[in-house]
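Single-structure report; data block below.
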Number of protein chains: 2
Amino acid sequence: MIVTSSIPVKTLERLLLYRWTLKNYLDPENTHIVSRRLSEITGFSPAQIRRDFMSIGYSGSSAHGYKIKDLINAIDKAICPHSAQNIAVAGIGQLGKAVINYIQGRSTLLKIKAAFDNDPEKINKVFHGVRTYHTDEIEKIIRKEDISMAILALPPANAQEIAMNLVNAGVKAFLNYSPIKLNLPEHVYIENRDMLLAVEKIAYFARSLKKGTDENEGIS
Amino acid sequence: MIVTSSIPVKTLERLLLYRWTLKNYLDPENTHIVSRRLSEITGFSPAQIRRDFMSIGYSGSSAHGYKIKDLINAIDKAICPHSAQNIAVAGIGQLGKAVINYIQGRSTLLKIKAAFDNDPEKINKVFHGVRTYHTDEIEKIIRKEDISMAILALPPANAQEIAMNLVNAGVKAFLNYSPIKLNLPEHVYIENRDMLLAVEKIAYFARSLKKGTDENEGIS
DNA sequence: TACTACCTGTGAAATATTTCACAGCAGAAT
DNA sequence: ATTCTGCTGTGAAATATTTCACAGGTAGTA
Ligand SMILES: NC(=O)c1ccc[n+]([C@@H]2O[C@H](COP(=O)([O-])OP(=O)(O)OC[C@H]3O[C@@H](n4cnc5c(N)ncnc54)[C@H](O)[C@@H]3O)[C@@H](O)[C@H]2O)c1
Ligand SMILES: NC(=O)c1ccc[n+]([C@@H]2O[C@H](COP(=O)([O-])OP(=O)(O)OC[C@H]3O[C@@H](n4cnc5c(N)ncnc54)[C@H](O)[C@@H]3O)[C@@H](O)[C@H]2O)c1
């Protein structure tokens with residue numbers, strides 16, 4: 001992947017988390033927030049947080065900290081410059097449905113416009129406002145609905161082929177839940193989310209922490 | 001989180017990915033692999049890969065590169081020193097079932113031993129060998145089954161409380177799919193996996209890449 | 001044996017990322 | 001008006017992570 005982004009990936013991830021946190025934190029009581037408080041909530045250091053806001057050109061006030069509403073807008077402007085973006089889900093099994101259930105309606109700018117599957121049982125059913133099409137229709141639907149992103153929740157055997165079809169139809173970025181290394185053109189962005197790797201990772205920490213202080217009766 | 005790990009987190013993540021890749025790559029034809037080849041597959045640089053293997057004390061041969069079988073064992077030894085670890089899933093809805101379906105049986109050392117829910121319909125059902133218990137039984141079951149890790153697939157409203165119960169029963173690490181910031185003791189490891197943040201991230205790249213080279217008819 | 005080709009291991013350099021630490025500001029209090 | 005408090009913005013320092021670049025090794029070949 002060649003990325004020509006001005007915001008470093010790690011900063012981007014933190015900004016998304018700040019925005020999410022701030023939206024929950026904002027209410028008539030909390031119109032402003034200081035970096036120390038945001039640090040307590042998110043776990044990032046106050047200096048880090050100030051620098052991140054500096055990097056998107058947002059200034060707070062030395063008396064009240066950051067005005068949450070404006071800050072959210074500033075983050076929006078930095079990471080979501082323009083118009084709505086449409087998403088497809090490939091593979092509408094248990095995972096695909098969970099994805100739609102969770103994502104749909106949660107963002108005004110990001111919308112799931114179509115699902116694809118090859119099980120005749122599922123074609124043309126509508127789930128949470130998302131219609132499922134046969135994978136043969138990828139080309140047509142992706143163009144018609146102006147879809148630029150896809151979430152893959154397919155068995156690994158077919159993921160590569162379907163992903164390539166999606167790329168050919170115009171998809172530029174993937175969130176891939178299939179446990180497979182996708183081989184796609186350089187200009188396509190792929191974010192892999194393998195749950196098994198995630199579990200192995202936490203397993204490593206669960207072990208390192210076994211010896212940690214703990215008020216339980218000794219597991220020995 | 002205080003982590004006293006000898007392996008840096010990023011290295012750990014790469015090691016897990018190498019292991020996964022190598023397991024797929026290994027066959028009678030491919031008994032050895034060189035760093036350049038592994039680089040092509042994983043996208044990490046050859047120097048990075050060599051350094052990672054150096055960091056776990058595994059040496060290759062200058063003629064044939066790394067012996068895959070031994071390398072996998074070396075990674076195992078570095079990141080999975082000892083015995084099996086047991087996992088619980090909290091919230092056995094669409095996502096919880098997808099998790100069990102995907103994880104169970106995929107690793108010999110990591111096993112899902114129990115699920116928890118509060119919907120009477122689901123209690124005592126067995127899914128892929130995993131029995132669902134009422135959340136009131138967390139304390140008892142976690143100790144009985146010697147569970148040290150949990151995957152949270154609950155609605156956010158209840159996730160904090162359930163997580164705290166799990167911690168009190170002995171859980172040391174979480175994979176959290178609930179869109180909520182968990183507030184748990186310092187010695188507990190939490191890995192958050194919010195799909196919405198992931199989608200927002202790929203959306204950012206889908207935009208930056210729109211202008212990328214591309215053989216499609218111009219979307220303009 | 002001598003030569004070639006290609007690989008690993010690694011010190012040192014280069015980059016990327018985070019933290020330190022403090023000047024300077026803005027409101028509150030007296 | 002002056003002082004006090006606590007915060008931001010930021011250069012500089014500290015760390016963390018990645019890459020460079022090459023010495024030294026091993027097999028294959030003649
Ligand atoms: N990375 C993760 O975190 C994670 C978690 C769970 C599952 N998974 C993976 O995601 C995949 C889906 O999981 P699930 O639990 O939803 O499984 P599932 O069996 O419920 O769903 C798979 C769906 O894909 C469809 N499908 C199969 N082949 C297809 C093809 N060629 N074209 C179009 N659609 C096709 C099936 O009809 C089905 O609807 C699994 O293969 C698993 O490997 C990943
Ligand atoms: N981070 C992600 O990637 C992601 C993706 C999808 C869903 N989610 C989140 O995960 C949650 C579950 O998603 P889903 O699609 O499986 O939803 P779901 O409604 O199918 O399942 C939720 C399950 O939790 C159970 N539950 C509810 N309250 C409970 C409680 N107090 N104690 C025990 N169990 C309880 C319900 O009985 C149900 O079985 C959702 O709330 C959503 O926010 C996250």
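Every chain is numbered from 1, with letters handed out A, B, ... down the list of sequences.
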Just to be sure I understand the rule, does [X] reach a base, reach only the sugar-phosphate, or reach nothing, if contact means heavy atoms closer than 4.0 Å?
| X | answer |
| --- | --- |
| A/F53 | nothing |
| A/R37 | nothing |
| B/T11 | nothing |

Which whole-number value in Å describes the distance from [X] [atom1] to [N] [atom2]?
| X | N | atom1 | atom2 | result |
| --- | --- | --- | --- | --- |
| B/I49 | D/dT17 | CD1 | P | 17 Å |
| A/R14 | C/dT19 | CZ | C1' | 12 Å |
| B/H32 | C/dC6 | NE2 | P | 18 Å |
| B/D70 | C/dT8 | CG | C1' | 16 Å |
| B/M54 | C/dA12 | CE | P | 13 Å |
| A/I56 | D/dT10 | CD1 | P | 13 Å |
| A/Y66 | C/dA26 | OH | P | 15 Å |
| A/I68 | D/dC7 | CD1 | P | 15 Å |

Interatomic spacing from CZ in B/F116 to CG in B/L166 - rounded to 0.5 Å:
6.5 Å
Selected nucleotide, minimal atom distance to [X] side chain, candidates [options]:
| X | options | answer |
| --- | --- | --- |
| A/P8 | C/dT17, C/dG9, D/dA27 | C/dT17 |
| A/A63 | D/dT8, C/dA26, D/dC20 | C/dA26 |
| A/R50 | D/dA27, D/dT19, D/dT10 | D/dT10 |
| B/Q48 | D/dC20, D/dT18, C/dG9 | D/dT18 |

Does B/R51 contact D/dT18 through a side-chain donor or acceptor facing the base, at a distance under 3.5 Å?
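Result: no qualifying N/O pair found.
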Check if the side chain of B/S62 and the base of C/dC7 share a donor-acceptor pair of N or O atoms closer than 3.5 Å.
no
Whether B/S35 contacts C/dT8 is assessed here as follows: a side-chain N or O lying under 4.0 Å from the phosphate OP1 or OP2. Is that the case?
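For B/S35, the contact criterion (side-chain N or O under 4.0 Å from OP1 or OP2 of C/dT8) is met.
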side-chain N/O A/S45 vs C/dT19 OP1/OP2, d < 4.0 Å
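For C/dT19, OP1/OP2 do have a side-chain N/O of A/S45 under 4.0 Å.
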Taking the side chain as C-beta and beyond, is there a heavy-atom pair between B/K113 and B/I142 under 4.5 Å?
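The answer is no, as the side chains (C-beta and beyond) never meet within the 4.5 Å cut-off.
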Note, A/Y66 side chain near A/R50 side chain (heavy atom, < 4.5 Å):
yes
Is the closest basic N to carboxylate O distance between A/E40 and A/R37 below 4.0 Å?
yes
Taking for each residue the nucleotide of DNA chain C bearing the nearest heavy atom, is the 5' side occupied by A/F44 or by B/A47?
B/A47
Mapping A/R36 and A/K10 onto DNA chain D by nearest heavy atom, which one lands closer to the 5' end?
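Residue closer to the 5' terminus by nearest nucleotide: A/R36.
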Evaluate the ring planes of A/Y18 and A/F44, with Trp represented by its six-membered ring, and classify them as parallel (under 30°), tilted (30 to 60°) or perpendicular (over 60°).
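Judged by the thresholds at 30° and 60°, the geometry between A/Y18 and A/F44 is perpendicular.
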Aromatic centroids of B/Y102 and A/Y177 separated by under 6.0 Å
no
